[in-house]
Amino acid sequence: MADLAEAEIRALLDRALRLKALHRAGRPHRPAVGRTLGLLFEKPSTRTRVSFEAAMFHLGGNCSFLPARDLQLRRGEPLKDTARVLSRYVDVLAVRTFGQEIVEELAAWASIPVINALTDQHHPCQALSDVMTVMEAKGTALEGLKVAWLGDGNNVAHSWIQAAARLGFALTLACPEGYAPDPEILARAQAEARAPIRLTTDPAEALEGADVVNTDVWASMGQEAEAEERRRVFAPYQVNAEALSRAKADAVVLHCLPAHRGEEITEEVLEGPRSVVWDQAENKMHLHRALLEWTLGLHRESPEGV
């Protein structure tokens, strides 16, 4: 997220909203005919994989799913070789992996656009589609909004921190001691931000007067051995009816899914009237359409307003 200028982020969000409107109106838009998206995934996925596949298909292109376990990477082929070979086969590559250094090395050696579809440090595509959902619920002028993040200072939190710095909304993160976001990412965002980006250990402080309440699983992929301890530590950070009562009466609730009902969020809140998580999940597809258009240089405004 920090690699994008505010104007670029806003253009992507506006375009995603436009593409969603076209989709809802049944107006096809297929500028990617003859183009192929490669999905190089080391981590399992439902929403990220299917939304990228659907996005490319709706744009008229093709998609090739490349689980890392089925590639020569498994046998030790260098990333730089993989990047250069795939650059001859596909037009854009989305990578869902563990270390941030993996996606950065692939991007350094590839001659095609490389999209970060999740690393342990960042999840920019998720945060972009989340912000798109907030724009639908609260209006496109994000300045003046207060967003609360409850739980782990994880990869999604990092991307939300960077989004707040770029887009000018206030963000308060409530994380248990020892589970805070990366201090360097936080400090850089705070130095650049126009609105406060704060860190606290008190959920009530983050929730007070919030327009948006956001959470995520307490144990991410690769942290399963810590799950029991994390459930104990994170229990006060659950998004439930009592917690939500501290936010504004019209506050909306986000969760990027999959959700562990009864842990980070209750069934009552997840399925309740303030939840926008299903719009949030759908919006990944529309945001990915805008992102693929942009990275491939395919967006050309037509006289018909496509």
Side-chain angles (χ1 to χ4, degrees), residues 1-32 35 37 47-48 51-61 91-92 94 113-117 122-147 156 158-171 189 192-195 197 211-212 214 250 252 254 256 276-306:
M1 189 78 74
D3 292 333
L4 300 180
E6 179 181 357
E8 291 173 318
I9 295 173
R10 288 191 176 273
L12 281 170
L13 293 168
D14 290 344
R15 184 59 180 163
L17 290 166
R18 175 62 179 155
L19 289 172
K20 183 174 182 177
L22 290 171
H23 182 74
R24 291 288 178 88
R27 295 178 61 184
H29 175 57
R30 300 190 177 96
R35 304 296 186 96
L37 164 67
R47 280 151 292 276
T48 299
S51 60
F52 262 115
E53 288 177 335
M56 195 59 172
F57 292 148
H58 282 300
L59 291 173
D91 300 283
V92 58
V114 175
I115 296 169
N116 181 350
H122 297 288
H123 200 352
C125 296
Q126 181 65 58
L128 284 168
S129 54
D130 293 350
V131 173
M132 176 186 171
T133 308
V134 172
M135 291 170 69
E136 288 182 321
K138 295 295 181 181
T140 56
L142 297 167
E143 294 86 352
L145 287 181
K146 181 181 178 183
V147 178
V156 183
H158 289 159
S159 292
W160 264 92
I161 289 167
Q162 294 175 333
R166 284 286 182 269
L167 298 174
F169 58 84
L171 174 65
E192 298 174 355
R194 304 191 298 273
I197 301 175
D211 299 285
V212 178
N214 199 358
D250 62 349
V252 296
L254 299 177
C256 64
V276 291
V277 298
W278 315 115
D279 294 327
Q280 182 185 358
E282 178 190 346
N283 285 342
K284 289 173 70 75
M285 178 181 71
H286 303 298
L287 188 283
H288 292 163
R289 291 172 71 200
L291 184 60
L292 290 167
E293 261 196 345
W294 180 56
T295 55
L296 290 169
L298 298 174
H299 176 38
R300 300 289 184 272
E301 198 73 29
S302 75
E304 294 78 24
V306 173

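The structure presented is a predicted model; accordingly, all values stated were derived computationally and were not measured. Computed over heavy atoms, backbone and side chain alike; hydrogens, waters and symmetry mates excluded.
In this structure, Q126 and K284 have side chains that are in contact, with non-hydrogen atoms separated by less than 4.5 Å. Side-chain atoms of F169 and W160, non-hydrogen and from C-beta on, do get closer than 4.5 Å to each other. Using a 4.5 Å heavy-atom threshold, the side chains of R35 and V92 count as separate. A 4.5 Å side-chain heavy-atom check between L291 and C125 finds at least one atom pair inside the cut-off. Two residues are said to be in side-chain contact when any heavy atoms from C-beta on lie closer than 4.5 Å; H123 and H158 fail this criterion. Between L145 and V134, some side-chain heavy-atom pair lies under the 4.5 Å cut-off. Contact of the P113 side chain with the W294 side chain is not registered, since no non-hydrogen atoms from C-beta on lie closer than 4.5 Å. Between K20 and M285, the closest side-chain pair of non-hydrogen atoms is not below 4.5 Å.
Scanning all heavy atoms of the two residues, the minimum distance from K138 to D250 falls at NZ-O, 2.6 Å. Residues H29 and L19 come closest through the heavy atom pair CD2-CD2, 3.6 Å. The heavy-atom pair separating D130 from N214 by the smallest distance is OD2-ND2, 4.3 Å. For the residue pair A195 and G168, the shortest heavy atom distance occurs at CB-O, 3.5 Å. Pairing each heavy atom of P31 with each of L298, the nearest pair is O-CD2, 3.7 Å. Contact between L292 and A55 at its shortest, heavy atoms only, is CD1-CB, 4.1 Å.
Relative ring orientation between H23 and H58 is described as perpendicular, the plane-to-plane angle rising above 60° on a 0-90° scale split at 30° and 60°.
Ion pairing between R47 and E53 fails under the 4.0 Å rule for side-chain N and carboxylate O. Using a cutoff of 4.0 Å between basic side-chain nitrogens and carboxylate oxygens, R166 and E8 are not scored as salt-bridged. A salt bridge does not link E293 with R289: none of the charged nitrogens is closer than 4.0 Å to a carboxylate oxygen.
Expressed to the nearest 0.5 Å, how far CG of L167 lies from CG of L13 amounts to 6.5 Å. In this structure, CG in L17 is found 11.0 Å from CZ in R15, a value given to the nearest 0.5 Å. Distance check: L59 CG to R30 CZ gives 10.0 Å after rounding to the nearest 0.5 Å. Here H286 contributes atom NE2 and T133 contributes atom OG1; the two are 9.5 Å apart, rounded to the nearest 0.5 Å. With rounding to the nearest 0.5 angstrom, the CG atom of D279 is 9.5 Å from the CE atom of M132. We find the OG1-CD1 distance between T295 and I115 to be 4.5 Å, quoted to the nearest 0.5 Å.
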Which is it for L37 and D91 under the side-chain contact (heavy atoms from CB on, under 4.5 Å) test, yes or no, and what are the steps along the way?
-> CA-CA 6 Å; L37 164 67; D91 300 283; over 6 Å; no
Could you walk me through whether L4 and Q162 pass the side-chain contact (heavy atoms from CB on, under 4.5 Å) check?
-> CA-CA 10 Å; L4 300 180; Q162 294 175 333; over 6 Å; no
Worked verdict on Q280 versus C256 for side-chain contact (heavy atoms from CB on, under 4.5 Å) | CA-CA 7 Å; Q280 182 185 358; C256 64; 4.0 Å; yes
Residue pair R10, T140: steps toward the side-chain contact (heavy atoms from CB on, under 4.5 Å) verdict | CA-CA 9 Å; R10 288 191 176 273; T140 56; 5.9 Å; no
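Side-chain N or O atoms of D211 include one that pairs as donor or acceptor with a backbone N or O of K146 at under 3.5 Å. Not a single donor-acceptor pair under 3.5 Å links the side chain of S159 to the backbone N or O of V156.
Among L287, L12, I9, L142, the single residue meeting the side-chain contact (heavy atoms from CB on, under 4.5 Å) criterion with V131 is L142.
More than 12 heavy atoms of other shown residues, nucleotides or ligands fall within 6.0 angstrom of atom CZ in R194.
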